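These numbers come from a predicted model, not from an experiment. Chain letters run A, B, ... following the sequence lines, proteins first, then strands; residues in each count from 1.
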Number of protein chains: 2
Amino acid sequence: MNIQNIELDNVKTQMRRGTLEYCILLILSREDAYAPQILGELKNADMIVVEGTLYPLLARLKNQGLLSYRWQESPQGPPRKYYCLTDLGHEALQVLDRSWEEMVEQINTIRKSRN
Amino acid sequence: MNIQNIELDNVKTQMRRGTLEYCILLILSREDAYAPQILGELKNADMIVVEGTLYPLLARLKNQGLLSYRWQESPQGPPRKYYCLTDLGHEALQVLDRSWEEMVEQINTIRKSRN
DNA sequence: ATTTAATACCTTGCAACGCCAAGTAGTATA
DNA sequence: TATACTACTTGGCGTTGCAAGGTATTAAAT
């Protein structure tokens with residue numbers, strides 16, 4: 001890997017920025033989940049996210065009132081914090097759905113006008 | 001506009017992050033352009049970007065060797081800095097093209113698995 | 001009883017980036 | 001000379017992803 005690729009990896013990181021919150025809400029709209037489970041689902045979609053990114057993000061979403069959580073015992077190991085969407089979270093998800101579609105449209109507008 | 005919407009505006013800002021460099025390269029792959037012209041094209045695609053964002057970004061891309069520029073006199077006002085893609089810039093654009101498509105696929109994977 | 005391993009949650013410090021606001025400078029018109 | 005318009009530049013701020021390290025619970029192994 002040369003220097004140029006390293007720089008572009010950074011761009012890819014930046015590209016994901018903002019879409020992460022959206023992805024979390026999407027995943028939780030399907031079913032309640034705890035952090036390692038969410039990490040697994042993101043990995044399944046080839047979106048690599050690490051713990052140190054996810055936990056503060058979940059805390060932010062909770063503080064914004066978009067998520068709540070409940071403790072639930074694990075069959076093995078410490079109890080798990082299962083997050084779920086609040087009503088506000090569902091509303092926010094709809095807004096972000098639209099934002100995502102808009103951004104895809106905008107980029108496509110620019111892409112298609114290329115010669 | 002309530003507080004919740006303000007928070008989500010921030011998310012939209014973050015969502016654009018990283019895609020901006022990609023958009024600049026896309027625009028410049030079509031024709032050389034100077035800053036206010038680029039701002040206009042972004043605005044046409046409903047992507048609002050301000051000067052204070054664009055100029056440092058152009059400087060970064062130039063320092064990375066993806067862009068070069070030439071001064072050109074203006075019919076009115078000060079001379080203009082016309083940016084154009086370098087060979088490296090064209091290569092980077094291809095990489096970012098693929099990155100963009102990958103990200104769209106990844107998000108769609110998560111979107112479609114929703115019940 | 002103590003150690004080890006596995007699981008889960010959280011925090012700190014750093015660097016990158018978009019944005020706001022203000023500043024600098026060239027050109028033309030009044 | 002003053003004003004207006006255009007174009008480029010910069011400093012500080014807030015947000016965020018990440019690497020690295022820490023804490024806590026549980027069960028199995030020693």
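- Atom CD in A:Glu73 sits about 18 Å away from atom P in C:dT7, given to the nearest Å.
- Distance, A:Leu39 CG to C:dC9 C1': 11 Å, rounded to whole Å.
- Checking D:dG17, C:dC9, C:dC17 against every side-chain atom of A:Arg17, the shortest atom distance belongs to D:dG17.
- Remark: C1' of C:dA8 and OH of A:Tyr69 are 14 Å apart, rounded to the nearest angstrom.
- Rounded to an integer number of Å, the gap from A:Ile48 CD1 to D:dC18 P is 10 Å.
- Residue B:Arg80 is in sugar-phosphate contact alone, with no base atom involved, counting any heavy-atom pair closer than 4.0 Å across all strands shown.
- Residue A:Trp100 comes nearest to B:Val104 through the heavy atom pair CZ2-CA, 4.1 Å, listed as atom of the first residue, atom of the second, then distance.
- At a cut-off of 3.5 Å, with distance as the only test, a side-chain donor of A:Tyr22 or A:Asp97 sits close to an acceptor on the other residue.
- Going from atom CG of B:Leu61 over to atom C1' of C:dG18 covers 14 Å, rounded to whole Å.
- Ranked by how close their nearest DNA chain D nucleotide is to the 5' end, A:Pro56 and B:Gly52 are led by B:Gly52.
- Checking C:dC10, C:dG18, D:dT9 against the side-chain heavy atoms of B:Lys81 singles out D:dT9 as nearest.
- Computed from coordinates, the A:Gln37 CD to C:dC9 P distance equals 10 Å when rounded to whole Å.
- For B:Pro36, the listed nucleotide lying nearest its side chain is D:dA7; candidates were C:dG18, D:dA7, C:dC9.
- Among the nucleotides D:dT10, D:dC18, D:dT15, the one closest to any side-chain atom of B:Tyr55 is D:dT10.
- Within the 4.5 Å cutoff, side-chain heavy atoms of A:Ile107 are placed close to those of B:Cys23.
- At most 12 heavy atoms of other shown residues, nucleotides or ligands fall within 6.0 angstrom of atom CD in B:Glu73.
- Of the candidates D:dC8, C:dG18, D:dC18, the closest approach to any side-chain atom of A:Thr53 belongs to D:dC18.
- Residue contacts shown for B:Glu51 include a base, since a base heavy atom lies under 4.0 Å away.
- Between C:dC19 and B:Asn10, no contact under 4.0 Å exists linking OP1 or OP2 to a side-chain N or O.
- Closest to the side chain of B:Tyr34, out of D:dC8, C:dC10, D:dT16, is D:dC8.
- Note: CZ (A:Arg16) to C1' (C:dG18) measures 19 Å, nearest angstrom.
- Salt bridge status for B:Arg16 with A:Glu102: absent, with no side-chain N to carboxylate O gap under 4.0 Å.
- Nearest-nucleotide positions on DNA chain D place A:Arg60 closer to the 5' end than the other of A:Pro78 and A:Arg60.
- Set against C:dT27, D:dC18, C:dC17, the side chain of B:Pro79 has C:dT27 as its closest nucleotide.
- A cation-pi geometry, defined here as NZ or CZ lying under 6.0 Å from the six-membered ring centre and within 45° of its normal, does not hold between A:Lys81 and A:Tyr34.
- When distances run from any side-chain atom of B:Leu20 to the nucleotides C:dC19, D:dC18, D:dC8, the shortest one goes to C:dC19.
- Map A:Gln14 and A:Trp71 each onto its nearest nucleotide of DNA chain C; the residue landing nearer the 5' end is A:Trp71.
- Out of C:dC17, C:dG18, C:dC20, the shortest distance to the side chain of B:Leu57 is found at C:dG18.
- Rounded to an integer number of Å, the gap from CG of B:Leu58 to P of D:dT9 is 9 Å.
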